[in-house]
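Here is how names work: the chains are called A, B, and so on, in the same order as the sequence lines, proteins then strands, and each is numbered from 1. FYI, side chains are in, hydrogens and waters are out, and symmetry mates aren't considered; it's all heavy atoms of this structure.
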Amino acid sequence: MSLTSDPPLAPPDEETERTTPHDGSDLSELTVVPVRHPWRWVAVAVTAVLLAQFLNGLITNPGWEWDVFARFFTTETILKAVWVTLQLTFYGTVLGFALGIVLAFMRLSASPFLRAVAYGYIWAFRSIPLIVQLLFWFNLAYLYKELQFGIPFGPGFLTFDTMNLVGAMSAAVLGLALHQAAYAAEIVRGGVLAVDSGQLEAAAALGIPRLRQLRRVVLPQAMRSILPNAANEIISLFKGTSIVSVMAIGELFYQVQVVYGRNGRVVPLLMVATVWYILLTTVLSVLQHYVERHYAKGAVR
Amino acid sequence: MSTPIDVPAPTEAPVDAPAATEATAPADAPASATDVMVEIRSVHKSFGALEVLRGIDLSVRAGEVTVVLGPSGSGKSTLLRTINHLEKVDQGWISVDGTLVGYRRSGNKLYELREREVLRQRTRIGFVFQNFNLFPHLTVLENIIEAPVAALGRPRKEAVAAAEALLARVGLADKSGAYPKQLSGGQQQRVAIARALALEPKLLLFDEPTSALDPELVGEVLDVIKDLAHQGTTMIVVTHEIGFAREVADTVVFMDQGRIVEQGPPADVLDRPVQERTRAFLSKVL
Ligand SMILES: Nc1ncnc2c1ncn2[C@@H]1O[C@H](COP(=O)(O)OP(=O)(O)O)[C@@H](O)[C@H]1O
Ligand SMILES: [Mg+2]
């Protein structure tokens, strides 16, 4: 324990003298009285009361119609819709980040042409509101065939059929992925730039092949700064899939709207969607925690 | 500004061969009988308008230790980096163990090597950085076996055994499972040396290997380097440790403003420098 202050110049009065560190007693024997924080307790009390009121309202206010909520929460229509939402999120993320990684390395490349193209892409897709872009793709799906051959995606996406759901799904996935790629590119680029240049230099000096340098040395370190941002993006994409409801795709939010359009129970059905979104976001957050821990290897404190 | 050992004006490089100079550039033949490990001929290098190397000529014989001294900014790091082609030279050429660095000669032309071939060349040249540049997400052992496995295709088992022997040699046998950040600076630099040695290089380059260390850790790193020197490893060491230079150097080279001002045995350069600039520098660091 470190003790402060010089000895008092003037002879101290009796009161203080007994408590002065220099009275020869063993200070480590004394009882420590911690500082009290009365206002903190007031804040806690107020918050607790408000929280209790809120929870009470949730339970007792009949407007929530928890019985309706319970009835619909796990019906087949809703479960199917949750599955569609998860699929949109998954494909949007995977394709978005795959393209994003390519764009990031284009922006980091030595070729001014590749840099300009990547920059142009990011500029364009960050400028267009997602909903506008989705409607655009959705309507293009009606024109299409020639166009589709021009899009270098997997065969699954080349089989648009404008009249069935797969066509709309593909358009939605395409829209989400292209939008996501612009943001993913910047996140990945930021992560790569955050890696000390000495790392690549050391890898190059050791003669490690180029791809292996990226995969083994740069990316694992870049992941540390990529992950928190990427998790944000994935979660925001997950909720963003609700925008796809404008394309009449049976994802969670659309399906909930369909149901309350039929039975008029708006609030409990919105609650069904809300709780599903919260649950699945929680799962994603837990996953994020473990993935981040994996990539924190070697980082000391 | 001219000094007695200034090189003759460099010849113009042909348009198609940025690093070419005199017709004396070696063919890709095995090392000649003269046992010269490193040969540097009229090397020039600029960063934009700043000419950092202004005609460097230097020979390093196999098994010898060359210590490079010089004020900050004189081009020491740049020179080391050109030797393993981390920097491309603008003019002149460098050969290591009889092989041109970064280029292949064919007739009157020098062809720039592909990245893969350059990487291959670098596996024969170990480089130790001022800031260690260990891979922080890999353990000490993984740091050391990465290059032998990935660049030379050694079987992992073999690489691990070799790495453990190297760790013992630098006095860190018990640290193979540690992550770099769990080690002191001196230990990290010793790992970095072991990592460079894992490729069994013909030549070791050290760029101020002790400059980032706390004073009490300098000795343990210098001891490892001295050991290597006594075992006949060919090394070029940039350092400000004059005592080290006096003890292990076969040749001391003093650089200033992109030129080699003076070179010779330590007894000459350190104790009886001919050049005024060498004297001025030594009086500051001694
Ligand atoms: N990549 C680079 N781009 C621009 N200037 C550089 C670069 N590397 C080094 N320099 C400059 O070259 C000069 C010599 O640098 P360096 O070789 O590191 O000197 P030393 O190692 O002797 O201190 C310095 O002025 C430095 O700023
Ligand atoms: Mg330097």
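For A:R212, the part lying under 4.5 angstrom from a heavy atom of chain B is the side chain only. For B:N131, no part sits under 4.5 Å from any heavy atom of chain A, backbone or side chain. Interface residue A:R216: backbone and side-chain heavy atoms are both found under 4.5 Å from chain B.
Contacts of residues 105-121 of chain A with chain B at a heavy-atom distance below 4.5 Å are absent; not one residue qualifies. Contacts between residues 190-213 of chain B and chain A, defined by a heavy-atom separation under 4.5 Å, are made by B:R195, B:L199. Contacts between residues 132-162 of chain B and chain A, defined by a heavy-atom separation under 4.5 Å, are made by B:N133, B:L134, B:F135, B:P136, B:H137, B:L138, B:E142, B:E146, B:A147, B:A150, B:A151.
A donor-acceptor pair under 3.5 Å links the side-chain atoms of B:R122 to the main chain of A:A204, judged by distance alone.
Legend: ring pair (Phe, Tyr, Trp, His ring centres under 6.0 Å) pairs involving residues 180-217 of chain A, not counting sequence neighbours, sorted by first then second residue: A:H179-A:Y183.
More than 12 heavy atoms of other residues, nucleotides or ligands sit less than 6.0 Å from atom CG of B:L50.
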What verdict does the side chain to side chain contact (heavy atoms under 4.5 Å, CB included) test give for B:R81 and A:E201, after you've listed the backbone C-alpha separation in whole Å, the side-chain angles of each residue and the deciding distance to 0.1 Å? CA-CA 10 Å; B:R81 293 158 56 83; A:E201 206 154 71; 2.9 Å; yes
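Scanning all heavy atoms of the two residues, the minimum distance from B:F129 to A:A202 falls at CE1-CA, 3.7 Å. Across every non-hydrogen atom of B:T123 and A:L206, the tightest pair is CG2-O, 3.8 Å.
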